[in-house]
> 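Please see the structure below; I have some questions.
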Amino acid sequence: MNIVGKIHAIFGEQQVSTSFKKREFVLICADNPMYPQFIKLEFTQEKCAHLDKFKVGDTVDVSFNLKGREWKNPKGELVYFNTLDAWRIVSASSSNAEASPQNLETTNYQQPPGFTSPATTDAIDDLPF
């Protein structure tokens, strides 16, 4: 999965156990600017260093896996966790360079045979509604 957003926060590396470390960060995703979403993701192990070249305010494209697990707490209750496990992060401007609107406008598309643009015809609109 991929998500594009602006980095809102980058946290320090956490040594969870002797053999496991993680580094969390938060993206603001504003598909609807009135209701921005704050999405927390994490890098683990050697991938923690991927965040070193980014700063708060950068717009990035993050590839991640959705992970979930079950855990029985000391009281014997089952608890469920979800994790957004990031594995790649790039600047959004470099990841969208091939498909940017500017590049799409310069592409030479050919019209199908017999196609006439409505803007260039003198036909009268004869639809009954």
Side-chain angles (χ1 to χ4, degrees):
M1 292 185 218
N2 279 56
I3 187 169
V4 176
K6 187 177 284 193
I7 297 177
H8 177 71
I10 299 175
F11 302 104
E13 190 175 286
Q14 298 173 337
Q15 191 71 42
V16 178
S17 71
T18 56
S19 61
F20 181 75
K21 62 184 176 181
K22 69 178 182 176
R23 189 167 182 196
E24 298 174 328
F25 63 106
V26 177
L27 289 185
I28 298 177
C29 301
D31 292 335
N32 181 344
M34 289 183 61
Y35 304 102
Q37 300 296 307
F38 293 82
I39 311 296
K40 184 171 75 169
L41 299 105
E42 67 182 35
F43 282 104
T44 58
Q45 303 302 77
E46 72 281 348
K47 295 181 191 113
C48 293
H50 290 345
L51 284 169
D52 292 343
K53 56 187 165 185
F54 296 97
K55 64 185 182 322
V56 171
D58 288 349
T59 301
V60 294
D61 184 347
V62 180
S63 299
F64 67 97
N65 294 326
L66 175 61
K67 293 185 175 183
R69 67 183 185 97
E70 179 181 85
W71 175 67
K72 188 179 272 189
N73 69 17
K75 295 179 183 178
E77 303 166 328
L78 287 178
V79 181
Y80 298 91
F81 294 96
N82 294 320
T83 304
L84 302 179
D85 186 29
W87 50 271
R88 181 177 151 271
I89 184 170
V90 295
S91 173
S93 60
S94 66
S95 69
N96 292 332
E98 299 84 29
S100 68
Q102 297 85 0
N103 289 343
L104 292 175
E105 290 170 5
T106 60
T107 305
N108 293 324
Y109 294 103
Q110 293 190 5
Q111 300 296 339
F115 177 82
T116 306
S117 173
T120 60
T121 62
D122 294 330
I124 299 173
D125 185 7
D126 60 353
L127 293 176
F129 47 87

> List, by chain and then residue number, the residues other than Met34 in its hydrophobic cluster (Ile/Leu/Val/Met/Phe/Trp/Tyr, side-chain heavy atoms under 4.5 Å); write none if there are no others.
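Traced through the cluster, Met34 reaches Tyr35.
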> Quick check on the hydrophobic clustering: are Leu66 and Phe81 connected, directly or via other members, by side-chain heavy-atom contacts under 4.5 Å?
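Per the 4.5 Å side-chain linkage, Leu66 and Phe81 are not co-clustered.
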> Could you walk me through whether Val90 and Val60 satisfy the side chain to side chain contact (heavy atoms under 4.5 Å, CB included) test, starting with their C-alpha distance in whole Å, then the side-chain angles of each, then the deciding distance to 0.1 Å, before giving a yes or no?
CA-CA 6 Å; Val90 295; Val60 294; over 6 Å; no
> Where do His50 and Phe43 come nearest, in terms of heavy atoms and distance?
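For His50 and Phe43, the tightest heavy-atom pair comes out as CD2-CE2, 3.7 Å.
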> Of all the heavy-atom pairs spanning Gly5 and Cys29, show the shortest one and how long it is.
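Shortest heavy-atom contact: CA-SG, 4.2 Å.
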> Counting distance only, does the side-chain N/O of Gln45 pair as donor-acceptor with the main-chain N or O of Lys21 below 3.5 Å?
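Yes, Gln45 side chain to Lys21 backbone: donor-acceptor pair under 3.5 Å.
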> Quick one: pull up CG in Leu78 and NZ in Lys72 and give me the separation to the nearest 0.5 Å.
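Result: 6.0 Å between the selected atoms.
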> How far apart are the closest heavy atoms of Leu51 and Phe25, and which atoms are they?
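Minimum heavy-atom separation between Leu51 and Phe25: CD1-CD2, 3.6 Å.
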> Treating Ile, Leu, Val, Met, Phe, Trp and Tyr as nodes and any side-chain heavy-atom pair under 4.5 angstrom as an edge, say whether Met1 and Leu84 lie in one connected cluster.
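Yes, because Met1 and Leu84 connect within a single hydrophobic cluster, where side-chain heavy atoms sit under 4.5 Å apart.
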> Looking only at heavy atoms, what is the nearest atom pair of Ala92 and Val4, with distance?
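Shortest heavy-atom separation between Ala92 and Val4 comes out as CB-CG1, 4.1 Å.
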> Partners of Lys75 by side chain to side chain contact (heavy atoms under 4.5 Å, CB included), sequence neighbours excluded?
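Partners of Lys75 under the side chain to side chain contact (heavy atoms under 4.5 Å, CB included) test: Asn73, Glu77.
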> Any side-chain heavy-atom pair from Asp61 and Ile89 closer than 4.5 angstrom?
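Heavy-atom side-chain distance check fails, nothing below 4.5 Å.
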> Taking side chain as C-beta onward, heavy atoms only, is Val62 less than 4.5 Å from Asn2?
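Val62 vs Asn2: side chains apart.
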> Applying the side-chain contact (heavy atoms from CB on, under 4.5 Å) criterion to Lys22, which one of Gln14, Glu13, Lys47 satisfies it?
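Among Gln14, Glu13, Lys47, the one meeting side-chain contact (heavy atoms from CB on, under 4.5 Å) with Lys22 is Gln14.
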> Could you tell me whether the side chain of Arg23 and the main chain of Thr44 form a donor-acceptor pair under 3.5 Å?
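No; zero donor-acceptor contacts below 3.5 Å.
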> Quick one: side chain to side chain contact (heavy atoms under 4.5 Å, CB included) partners of Phe38, sequence neighbours excluded?
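Testing Phe38 for side chain to side chain contact (heavy atoms under 4.5 Å, CB included), a comparison that skips the adjacent residues, returns His8, Val26, Ile28, Pro36.
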> Less than 4.5 Å apart, side chain to side chain, heavy atoms only: is that true for Asn82 and Tyr80?
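Side-chain contact under 4.5 Å: no.
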